[in-house]
4 protein chains.
Amino acid sequence: MSTPKERIIATTFELFAKQGYNSTGINQIVAEANVAKASFYQYFKSKEDLCVEFLNVRHDYWFNELNRFVSKEKDMKLKLISCFDFLIEMNQKENFRGCSFLNILSEIPMDNVKILSVIQNHKKDLRNYFSELIKDSGLSDHIYLLFESSIIESQLFRSNELIEKSKKIIINLIK
Amino acid sequence: MSTPKERIIATTFELFAKQGYNSTGINQIVAEANVAKASFYQYFKSKEDLCVEFLNVRHDYWFNELNRFVSKEKDMKLKLISCFDFLIEMNQKENFRGCSFLNILSEIPMDNVKILSVIQNHKKDLRNYFSELIKDSGLSDHIYLLFESSIIESQLFRSNELIEKSKKIIINLIK
Amino acid sequence: MSTPKERIIATTFELFAKQGYNSTGINQIVAEANVAKASFYQYFKSKEDLCVEFLNVRHDYWFNELNRFVSKEKDMKLKLISCFDFLIEMNQKENFRGCSFLNILSEIPMDNVKILSVIQNHKKDLRNYFSELIKDSGLSDHIYLLFESSIIESQLFRSNELIEKSKKIIINLIK
Amino acid sequence: MSTPKERIIATTFELFAKQGYNSTGINQIVAEANVAKASFYQYFKSKEDLCVEFLNVRHDYWFNELNRFVSKEKDMKLKLISCFDFLIEMNQKENFRGCSFLNILSEIPMDNVKILSVIQNHKKDLRNYFSELIKDSGLSDHIYLLFESSIIESQLFRSNELIEKSKKIIINLIK
DNA sequence: TATGAATGAGCTTTCATTCAT
DNA sequence: GATGAATGAAAGCTCATTCAT
């Protein structure tokens with residue numbers, strides 16, 4: 001089939017994204033991954049550890065998908081709009097579950113530096129992504145901020161309305 | 001001293017804002033509120049119920065504080081900037097704990113309509129708040145979106161940097 | 001409306017018969033009887049006390065209904081059969097909930113003499129009832145035993161089959 | 001010593017028979033079985049589950065004991081009487097605790113089909129037991145009914161009087 | 001490497017009862 | 001006579017983790 005570690009990660013990927021961090025127990029993970037409890041703790045010394053791994057995997061997955069999606073466009077401005085369309089696609093695929101990183105940010109104690117820094121790095125990379133795309137740091141941060149609220153508002157209202165609104169705002173900003 | 005119900009709500013207010021919903025147990029609440037466990041369940045039929053009550057109290061508190069803070073300014077544009085300064089004040093007061101409503105949004109199962117709708121209503125009110133302040137629905141939504149990301153990014157990075165950046169963006173937008 | 005005590009007894013009558021003793025909490029009783037908790041404990045010093053009262057009320061109710069039903073027949077043998085038809089009527093009315101007395105017997109600790117003796121007296125009265133109807137103590141006990149199992153088996157299988165069988169047996173016995 | 005599961009079942013066997021279902025808490029079971037609470041829930045997914053297991057174990061135990069006891073007699077009629085003597089032995093051994101199956105029948109909500117059907121099957125087996133012993137279905141049901149009331153009445157009055165009476169009745173029936 | 005068995009501490013919730021007025 | 005407020009104890013159950021092999 002595959003190695004236990006792979007199965008754990010695949011299962012975690014699905015469950016954390018779907019149910020969130022705190023609502024997903026180790027029991028459920030090992031059960032659905034068909035792995036012994038002790039095997040789990042061979043690869044991950046704690047649930048926190050698994051969380052870090054999950055966030056790393058998610059980071060790679062998410063940026064890959066984004067790049068795949070955006071690379072269809074050649075023009076910078078179209079690429080930009082395409083980023084927001086990517087959110088719409090993700091909302092449909094994942095049923096408006098929002099951003100895994102921000103979700104977990106709300107679920108961990110404030111002093112959990114280990115996880116916090118992984119989340120921060122993800123968002124720094126995203127901010128950089130826009131900055132490299134746009135080459136105007138004032139504008140790129142502006143768009144980064146609209147991108148962030150687009151994710152959250154669409155999660156909150158289970159609707160892409162404010163993503164569409166953001167797209168219109170941006171079109172005006174960069175015309 | 002005060003009534004048990006008052007003590008429960010006060011303690012909950014503090015603990016939910018500080019630690020989040022899932023990390024705060026009924027045990028801790030009743031212990032710190034000096035209330036018998038059964039007394040708790042006389043006033044709140046479930047933890048979910050308490051959550052709704054908390055969100056309502058928080059809603060009133062938050063908008064009161066916002067209004068108090070913003071009313072110092074008379075000019076609309078200054079009022080607008082003042083909203084973002086309010087975030088800075090709150091971050092200092094509450095140690096960058098972010099938005100209670102969005103935090104709880106991440107902690108509940110997606111199908112918890114009862115809590116979800118309370119959160120949605122809070123944000124609708126906020127969106128209206130800007131809309132009434134600005135009287136230009138395109139612009140007001142734009143600012144609402146920047147406001148939302150300002151909260152989240154400052155929570156994530158424990159820094160007011162992007163709040164300040166938003167202020168600058170807005171000053172440019174409305175000049 | 002009526003006095004609190006009456007409402008408590010009426011509600012208890014319904015709930016104990018429907019749900020059983022242990023599954024019916026004081027909370028539910030006072031809630032459905034629209035009575036304050038403390039009022040309850042003014043009339044009944046404990047749940048056990050209420051149980052005794054319930055059994056007494058039930059005793060009167062049950063024998064009254066039995067007599068009313070059986071008195072339609074004049075002939076002793078027909079009266080006897082009528083007793084078993086009464087069970088069928090009760091099963092329909094109370095949805096095969098069986099004998100309140102035997103049900104509570106199973107729910108109390110073995111050393112609860114207070115309740116136990118009330119139950120014993122009820123069944124002694126029933127045994128006497130048959131004995132006075134039949135005037136042949138060997139036969140009357142025989143029928144009492146068939147009557148008892150008729151209640152229980154019909155409760156267990158939610159069916160009157162074995163009541164009907166008992167009737168046939170008895171018709172053969174007394175012909 | 002023995003495995004936790006074995007100790008749980010042994011303890012449950014004792015406590016359910018002695019105190020009944022509702023009066024026996026998981027806490028007491030795990031305490032007396034010297035087992036961690038979480039271990040309990042590794043083997044039984046709920047108390048209801050444990051109840052089913054208990055009834056199955058009890059079913060086997062009870063019929064084994066009955067067969068052991070009855071097999072001392074060779075003649076069918078003596079075997080029959082022996083069944084009732086078995087009740088007397090059980091009453092002495094278990095201090096008139098009655099039938100575990102009928103006791104639990106009184107303690108569960110009427111719509112608990114899972115437990116109900118286990119109880120029904122036990123009694124169906126008993127009814128069959130008599131039917132195979134006697135080969136006269138009219139008579140065997142008659143005796144089954146007397147057997148059932150014998151258990152209950154002896155439980156209620158903590159006395160074997162009505163068991164003895166049943167024996168006499170039966171001797172007359174089959175002579 | 002891989003595992004099934006076992007766990008202590010904690011969860012949310014409900015029980016029958018008493019207090020103060 | 002009547003009540004709303006408050007309670008200690010216990011209920012059934014789940015958590016992340018570790019042990020022994």
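Residue numbers begin at 1 in each chain, while the letters A, B, ... track the order of the sequences.
Using cut-offs of 30° and 60° on the angle between ring planes, the pair D/Y61 and D/F13 is perpendicular. Relative orientation of the A/H122 and A/F101 rings is parallel, given thresholds of 30° and 60° on the angle between their planes.
C/N22 places its CG atom 17 Å from the P atom of E/dT14, with the value rounded to the nearest Å. Rounded to an integer number of Å, the gap from A/R7 CZ to E/dA2 C1' is 11 Å. For A/N34 and E/dG4, the CG to C1' distance is 14 Å, given to the nearest whole Å. Rounding to whole angstrom units, OH of residue C/Y21 and C1' of E/dC15 are separated by 12 Å. Here the C1' atom of nucleotide E/dT13 and the CG atom of B/L50 are 14 Å apart, to the nearest Å. To the nearest angstrom, P of E/dA5 lies 12 Å from CD1 of D/I8. Put simply, CG on A/D49 is 14 Å from P on F/dA16, counting in whole angstrom units. Separating the CD1 atom of B/I26 from the P atom of F/dC13 is a distance of 19 Å, rounded to the nearest angstrom.
Consecutive Watson-Crick or G-U pairing (both distances under 3.5 Å) extending over three or more pairs maps onto DNA chain E as E:2-21 with F:2-21.
Of the residues near DNA chain E, B/T24 and D/P4, the one whose nearest nucleotide (by heavy atom distance) lies more toward the 5' end is D/P4. Heavy-atom nearest nucleotides on DNA chain F were determined for C/V35 and for A/S23, and the one closer to the 5' end corresponds to C/V35.
B/F44 contributes atom CZ, which lies 6.5 Å from atom OG1 of B/T12 (distance to the nearest 0.5 angstrom).
Between D/S46 and D/D49 there is a side-chain heavy-atom pair separated by less than 4.5 Å. The side-chain heavy atoms of B/L15 and B/Q28, taken from C-beta on, include a pair separated by under 4.5 Å.
Between the side chain of D/R97 and the backbone N or O of C/M110, no donor-acceptor pair lies under 3.5 Å.
Of the residues in residues 37-47 of chain C, C/K37, C/A38, C/S39, C/Q42, C/Y43 come within less than 4.0 Å of DNA chain F through at least one heavy atom, sorted by number.
Residue A/N27 places its side chain closer to F/dC15 than to any other of F/dT7, F/dC15, F/dA10.
Residues D/R58 and D/E94 are paired through a salt bridge, judged by an N-O separation under 4.0 Å between the basic side chain and the carboxylate. A salt bridge does not link A/E32 to A/K18: none of the charged nitrogens lies less than 4.0 Å from a carboxylate oxygen.
For A/Y21 and A/F54, the ring centers sit 6.0 Å or farther from each other.
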